[in-house]
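Comments concern the structure below.
Each ligand, and each atom within it, is numbered from 1 in the order the structure gives. What you see is a predicted model; the values in this text were computed from it and never measured. Positions are given from 1 along the sequence.
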Amino acid sequence: MAPSCSPINSLHVAVIGAGAAGLVAARELRRESHSVVVFERNTEVGGLWVYTPQSEPDPLSLDPNRTVVHSSVYDSLRTNLPRECMGYSDFPFVPRPEHDESRDPRRYPTHREVLAYLRDFAREFKLVEMVRFGTEVVRVEQDGRKWKIRSRNSDGVSRDEIFDSVVVCNGHYTEPRVAQIPGIDLWPGKQLHSHNYRVPDPFKDQVVVVIGNFASGSDISRDLTGVAKEVHIAARSKPSETYEKLPGADNLWLHPMIETARKDGSIVFKNGKVVQADTIVHCTGYIYHFPFLNTNGYITVEDNCVGPLYKHVFPPALAPGLSFIGLPWMTLLFTLFELQSKWVAAVLSGRVTLPSEDKMMEDTNALYAKRDANGFPKRYTHRLGVVGQAEYLNWIADQIGEPPVEQWRNKELEDGYVRLATQADTFRDKWDDDHLIAEAYEDFLRQKLISAIPSQIFG
Ligand code: FAD
């Protein structure tokens, strides 16, 4: 739907979360003349990127009454995408002259650099003044045509407030998904989820089985090789005959999925190999979780599909009062947060209109039908993938009159994923797409987003 010229509505909007999604949502909503309150249960901005050495007392995070630790970042984490493609469109994630030596200028910097970037972003756009820190949203429900939010501050004091609209940006990497392993109940070893992994030291001299071989699994297994006796990766996607010694360490092997865990402590893989293991680390992803949301059953999370949602953002019957930023994955996340936020802000102000509820539902059902016809499970509903993500982002850009996402940005994501999959031990320090870095920096220069190409970039 093209932008219209109707008068602008200025609404009172609640944003839940001050991570990368909530910060840019707040900025875009304010730019569109809305009044914004950001609820953040932590004491600072940055969400997932606020590293803490603490993990949860329940290492698999199965206890619903446990004390939740939000961040899933481990100490050694460096970004899994090149920094040029990670930043917001008008505030590039690049080394800057004013940065001191505490900053990390590398193309794939540490988690500390991402947090520093998000703090810079919040400072630059004066976002902190909109955030109510130490305030957790415990309930969200409709109140006539408005929305009632119940929050609780760090002193335990609850408060109900009415908003015209609620934008949910609570993050999706905190509630672990754990692999089902035949025989696990009798297996005597230790288990934890990557959400609760911080440093390799506790695994010294152990035989560790890591389930999952994508970003976290690949990283954590390599982190462990420095101290553990042996590390064995179990990868669901690998054929049953797989058995490979992986490069970059002399104690790291790749297997297909686990066949069974036995009460004598052994783990049997589908390739028939058996190891006597001390610990299993589940790097098996996360589930969407909205414990505060009460929509009388309208919005459900089934096999990790949140729905019904028009274009992963608006629940047709509750739009535009309720919206979700940041559900899709396998995409340029910060770009997605920014575009979705601009769309929500423009729809709320009336500058852009949504289709009718029936049409939104039709579109959502068509997405589900396509997913089913392609044989994908429900949990892949929000997986965009390299081709799908460019289409999706450009579709939103078109709705709000923004230019399509830069080609270099999409290509960096695409090449970045290939490198991550094919050279897991070296992808952060070795690449062959300097031409894309050059394009990115020329683009930043042309738009006057930087004043010079930083000296660190091309040596
Ligand atoms: P979060 O950063 O999780 O922020 C959500 C915020 O909401 C938090 O501050 C939380 O305290 C707050 N909150 C939650 N519930 C409530 C409540 N009820 N009331 C009040 N506040 C609440 N992406 C990349 O682009 N590049 C990478 O290299 C990369 N690496 C990653 C590595 C790991 C290990 C993981 C798990 C993810 C990685 N990601 C990466 C994805 C990353 O999650 C996103 O980039 C992004 O930071 C998520 O932002 P968010 O705002 O959606 O969520």
- Does a side-chain N-to-carboxylate-O contact under 4.0 Å join Arg107 and Glu412? yes
- With sequence neighbours excluded, residues passing side chain to side chain donor-acceptor pair (under 3.5 Å) with Tyr51: none
- Item | Partners passing salt bridge (charged side-chain N to carboxylate O under 4.0 Å, His left out) against Arg383 (at least two apart in sequence or in another chain) | none
- Taken in chain and number order and not counting sequence neighbours, the residues that satisfy ring pair (Phe, Tyr, Trp, His ring centres under 6.0 Å) with His289 are none
Which atom pairs, nitrogen or oxygen on both sides, join ligand 1 and the protein at under 3.5 angstrom?
{"unit_1": "ligand 1", "atom_1": "2 (O)", "unit_2": "Leu48", "atom_2": "N", "d": "2.8"}
{"unit_1": "ligand 1", "atom_1": "3 (O)", "unit_2": "His70", "atom_2": "NE2", "d": "2.6"}
{"unit_1": "ligand 1", "atom_1": "9 (O)", "unit_2": "Glu40", "atom_2": "OE1", "d": "2.6"}
{"unit_1": "ligand 1", "atom_1": "9 (O)", "unit_2": "Glu40", "atom_2": "OE2", "d": "3.1"}
{"unit_1": "ligand 1", "atom_1": "11 (O)", "unit_2": "Glu40", "atom_2": "OE2", "d": "2.6"}
{"unit_1": "ligand 1", "atom_1": "18 (N)", "unit_2": "Val137", "atom_2": "O", "d": "3.0"}
{"unit_1": "ligand 1", "atom_1": "19 (N)", "unit_2": "Val137", "atom_2": "N", "d": "2.9"}
{"unit_1": "ligand 1", "atom_1": "21 (N)", "unit_2": "Arg41", "atom_2": "N", "d": "3.2"}
{"unit_1": "ligand 1", "atom_1": "28 (O)", "unit_2": "Asn80", "atom_2": "N", "d": "2.7"}
{"unit_1": "ligand 1", "atom_1": "28 (O)", "unit_2": "Asn80", "atom_2": "OD1", "d": "3.1"}
{"unit_1": "ligand 1", "atom_1": "30 (N)", "unit_2": "Asn80", "atom_2": "ND2", "d": "3.4"}
{"unit_1": "ligand 1", "atom_1": "47 (O)", "unit_2": "Trp49", "atom_2": "NE1", "d": "2.7"}
{"unit_1": "ligand 1", "atom_1": "51 (O)", "unit_2": "Ala20", "atom_2": "N", "d": "3.2"}
{"unit_1": "ligand 1", "atom_1": "51 (O)", "unit_2": "Ala21", "atom_2": "N", "d": "2.9"}

- Message: Regarding Lys126 and Glu129, does a basic nitrogen lie under 4.0 Å from an acidic carboxylate oxygen?
- Response: no
- Message: Consider side chain to side chain donor-acceptor pair (under 3.5 Å). Of Arg83, Arg106, Arg78, which one does Glu113 pass it with?
- Response: Arg83
